[in-house]
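This report concerns only the one structure given below.
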Amino acid sequence: MPLHAFAAMTAFALGLVQFAAPKGTLPHRTIGWIWVGLMTVVAASSFWIHAIRLVGPFSPIHLLSIFTLVVLPLAVWRAHTHRVANHRRMMILLFTGALVVAGVFTLVPGA
C-alpha cells in the first residue's frame, strides 16, 4: 500500500531528525505533530494489509498497530503535562517498535 509505505518512510526520517534536534523548541513540536499524524496513518492503514494471516486476516503486526494507536495520544499527553521522561520513553518505544521492528518484518521473505 503506497500510502502506508510513504507515511512509514517519512515518519522514520522525521523520527531521526527529532532524535538529533533540540527538544522543546517550536520546530520539535511542529515536527512532532507531523510525526504523530504520520504514525496514525501508518498504524491505521496497516489494517488493510493482510500479507501475513495468522488469525483470520490479521497478524501480530496488527497488535502493534493497536498499541501504536493507544500509546501515541498518551505520549502526546505526557509532553503536554511536562512529563518529559515518560514522553521520551514512549516515543522511543514507538519509533523502535512500530517503525524499526515492523520495518524489519517487511524484509522477511514471503511477508
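- At a threshold of 4.5 Å between non-hydrogen side-chain atoms, the residues Trp33 and Leu38 do not count as touching.
- A continuous path of Ile, Leu, Val, Met, Phe, Trp and Tyr side chains, each step under 4.5 Å between heavy atoms, connects Trp48 with Ile66, placing both in one hydrophobic cluster.
- Atom CZ of Phe19 has more than 12 neighbouring heavy atoms from other residues, nucleotides or ligands inside a 6.0 Å radius.
- When hydrophobic clusters are built by joining Ile, Leu, Val, Met, Phe, Trp and Tyr residues whose side-chain heavy atoms come closer than 4.5 Å, directly or via intermediates, Val36 is not grouped with Trp77.
- A chain of hydrophobic side-chain contacts below 4.5 Å, direct or via other Ile, Leu, Val, Met, Phe, Trp or Tyr residues, connects Val100 to Ile92.
- Atom CE of Met39 is separated from atom CE of Met91 by 9.0 Å, given to the nearest 0.5 angstrom.
- By the criterion of side-chain heavy atoms lying less than 4.5 angstrom apart, applied directly or through intervening Ile, Leu, Val, Met, Phe, Trp or Tyr residues, Val84 is not grouped with Leu93; the two fall into different hydrophobic clusters.
- Phe47 is listed as a side-chain neighbour of Leu69, based on a closest heavy-atom distance under 4.5 Å.
- Using a 4.5 Å heavy-atom threshold, the side chains of Leu99 and Met9 count as separate.
- No continuous path of ILVMFWY side-chain contacts below 4.5 Å connects Leu72 to Leu3, so the two sit in separate hydrophobic clusters.
- Inter-residue side-chain proximity for Phe6 and Val41 is flagged as unmet; no heavy-atom pair is nearer than 4.5 Å.
- Checked against side-chain hydrogen bond (donor to acceptor under 3.5 Å, both in side chains), His87 has no partners two or more places apart in sequence or in another chain.
- Looking at heavy atoms from C-beta onward, Val70 lies in side-chain contact with Leu74 at the 4.5 angstrom threshold.
- The closest donor-acceptor contact from the side chain of Trp35 to the backbone of Ala11 lies under 3.5 Å.
- For Arg88, the side-chain hydrogen bond (donor to acceptor under 3.5 Å, both in side chains) test picks out no residue, with sequence neighbours left out.
- In this structure, Gln18 contributes its side chain and Ile31 its backbone to no donor-acceptor pair below 3.5 Å.
- One distance of note links OG1 of Thr68 with CG of Leu64; it measures 4.5 Å at 0.5 Å rounding.
- Without hydrogens or angle criteria, Ser46 side chain to Ala43 main chain gives a donor-acceptor distance under 3.5 Å.
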